[in-house]
Amino acid sequence: MHYKRQEINVNILEKYLTDRFTIKQVKKIHIWLRTGIQLFFFLLFPSAYTAAFAGIKYIFTQIGAGEMVSVSSFVIVLIVLCGYTIIFGRFFCGFACAFGTLGDAVHAGYVWCCKKLKKKPVVLSQMISTRLSVCKYLILLMIVLMCYAGIYSKAQGTSPWDVFSMIHAGNLKLANYIPGLIILLLILVGMCVQERFFCRFLCPMGAIFSLLPVLPIFSLRRDRSSCIPKCSGCTRKCPSDIQLPDNGSWEISADCFQCQKCMDVCPKSNVHCAVNDHFRKITLRGNEIIFTVLRALLLLGIFILLGI
């Protein structure tokens with residue numbers, strides 16, 4: 001049996017914006033929208049990351065102690081965020097994680113200072129970045145084993161995200177968290193020389209998210225047929241050095257943070273959300289702003305319901 005391939009283009013916002021703004025202005029609107037969403041979640045929901053990872057630590061601590069794993073509030077946050085990631089990709093990482101937002105701000109500040117001082121920013125080579133990307137899995141494994149063995153509590157004061165949470169809450173009593181503070185300062189240095197340093201190389205929750213199966217509905221694709229030869233702007237702009245899959249591909253990168261910066265840099269506006277199956281092709285070109293807002297509002301509703 002043969003099915004007619006249909007293409008559905010949803011371009012409600014695209015026409016509205018392009019009629020009133022230039023392409024460059026539309027891209028600036030997208031950048032400011034992303035910044036606004038990040039700042040909103042950074043200020044109001046900084047504990048979402050630590051709450052989710054507390055669920056991982058609780059589960060393996062209980063298993064190691066031979067005790068029952070109950071559905072605690074931390075476990076619920078973990079399950080819900082993992083479910084959200086399976087459906088929408090790592091949107092939480094790109095827009096709502098406080099550590100991710102901190103990394104974007106630190107890196108942008110470092111690059112701005114280098115420009116003002118007319119100095120070339122120090123950057124990690126792609127070879128080093130590729131090798132360091134394994135570290136987050138090793139860190140996750142180490143923490144899981146420590147929780148399972150019941151010795152994680154003895155490492156109190158070494159967690160950089162605990163220190164960050166205390167500083168964010170205005171608690172500067174860090175005498176018992178000196179190791180964690182030193183690690184946090186080293187991470188901040190790493191954030192300067194590599195965009196999304198913590199997310200790519202050190203984040204244990206990022207390791208978990210990258211192992212999850214992700215539906216391709218909101219994954220980013222590019223229309224290579226109209227790309228400028230040898231451009232590769234999207235790959236160079238990507239914090240994870242990802243090569244975007246082409247239209248029609250079901251390929252999904254586990255390291256895509258859904259930050260959508262590749263959309264902002266593309267001179268031909270070829271990057272868009274799209275899903276393809278055997279029978280139809282659905283393109284959300286020009287309406288990524290709408291779906292960004294919808295995903296952010298859904299995540300906000302989830303955080304409110306969970307009491308984060």
Side-chain angles (χ1 to χ4, degrees), residues 48-64 69 74-75 77-94 96-104 107 124-155 158-164 179-180 182-184 186-191 193-216 219 235 238-243 245 251-259:
Y49 170 86
T50 53
F53 194 61
I56 290 289
K57 293 185 289 186
Y58 166 77
I59 289 173
F60 285 96
T61 298
Q62 293 296 98
I63 293 175
V69 177
F74 292 140
V75 173
V77 173
L78 173 65
I79 293 173
V80 171
L81 271 185
C82 285
Y84 182 92
T85 300
I86 290 173
I87 297 173
F88 296 106
R90 295 177 64 176
F91 183 85
F92 169 79
C93 299
C97 177
F99 245 77
T101 299
L102 175 65
D104 282 348
H107 183 72
L124 297 181
S125 69
Q126 188 170 355
M127 181 183 69
I128 293 176
S129 298
T130 301
R131 293 179 177 178
L132 287 177
S133 62
V134 181
C135 291
K136 60 179 178 290
Y137 300 105
L138 299 177
I139 292 173
L140 174 63
L141 178 61
M142 180 184 68
I143 293 175
V144 165
L145 292 177
M146 290 176 66
C147 290
Y148 183 82
I151 61 175
Y152 183 81
S153 59
K154 297 181 181 179
T158 62
S159 170
W161 41 89
D162 286 348
V163 174
F164 169 74
I182 293 174
I183 294 173
L184 178 60
L186 292 175
I187 290 174
L188 291 175
V189 173
M191 288 175 172
V193 300
Q194 174 61 55
E195 192 174 6
R196 290 281 174 161
F197 177 86
F198 178 78
C199 307
R200 287 191 65 181
F201 309 139
L202 305 177
C203 180
M205 274 306 300
I208 293 172
F209 288 149
S210 65
L211 294 173
L212 295 174
V214 178
L215 299 178
S219 298
T235 301
C238 177
S240 295
D241 300 322
I242 294 172
Q243 292 187 5
E251 180 185 350
I252 302 171
S253 173
D255 290 324
C256 178
F257 303 126
Q258 292 285 323
C259 66

Checklist entry - So, Phe92 versus Tyr84, ring centres under 6.0 angstrom or not? => result no

Checklist entry - Is the centre of the Phe74 ring less than 6.0 Å from the centre of the Tyr58 ring? => result no

Checklist entry - For atom OH of Tyr137, is the number of surrounding heavy atoms from other residues, nucleotides or ligands below 6.0 Å larger than 12? => result yes

Next on the checklist: Closer than 4.0 angstrom, basic N to acidic O: yes or no for Asp255 and Lys136?
Outcome noted: yes

Are any of the side-chain heavy atoms of [X] and [Y] separated by less than 4.5 Å?
{"X": "Leu78", "Y": "Ile59", "value": "yes"}
{"X": "Leu124", "Y": "Arg131", "value": "no"}
{"X": "Gln258", "Y": "Phe88", "value": "no"}

Next on the checklist: Checking the side chain of Arg196 only, and the main-chain atoms of Cys238 only, is there a donor and an acceptor separated by less than 3.5 Å?
Outcome noted: no

To the nearest 0.5 Å, how far apart are [atom1] in [X] and [atom2] in [Y]?
{"X": "Asp162", "Y": "Leu184", "atom1": "CG", "atom2": "CG", "value": "11.0 Å"}
{"X": "Phe198", "Y": "Ile187", "atom1": "CZ", "atom2": "CD1", "value": "5.5 Å"}
{"X": "Phe209", "Y": "Cys93", "atom1": "CZ", "atom2": "SG", "value": "5.0 Å"}

Item to check | For Ala48 against Val77, the heavy-atom pair lying closest together | outcome: O-CG1, 4.3 Å

Checklist entry - Once the angle between the rings of Phe164 and Phe99 is folded into 0 to 90°, is it parallel (under 30°), tilted (30 to 60°) or perpendicular (over 60°)? => result perpendicular

Next on the checklist: Angle between ring planes, Phe197 versus Phe201, binned at 30° and 60°: parallel, tilted or perpendicular?
Outcome noted: perpendicular

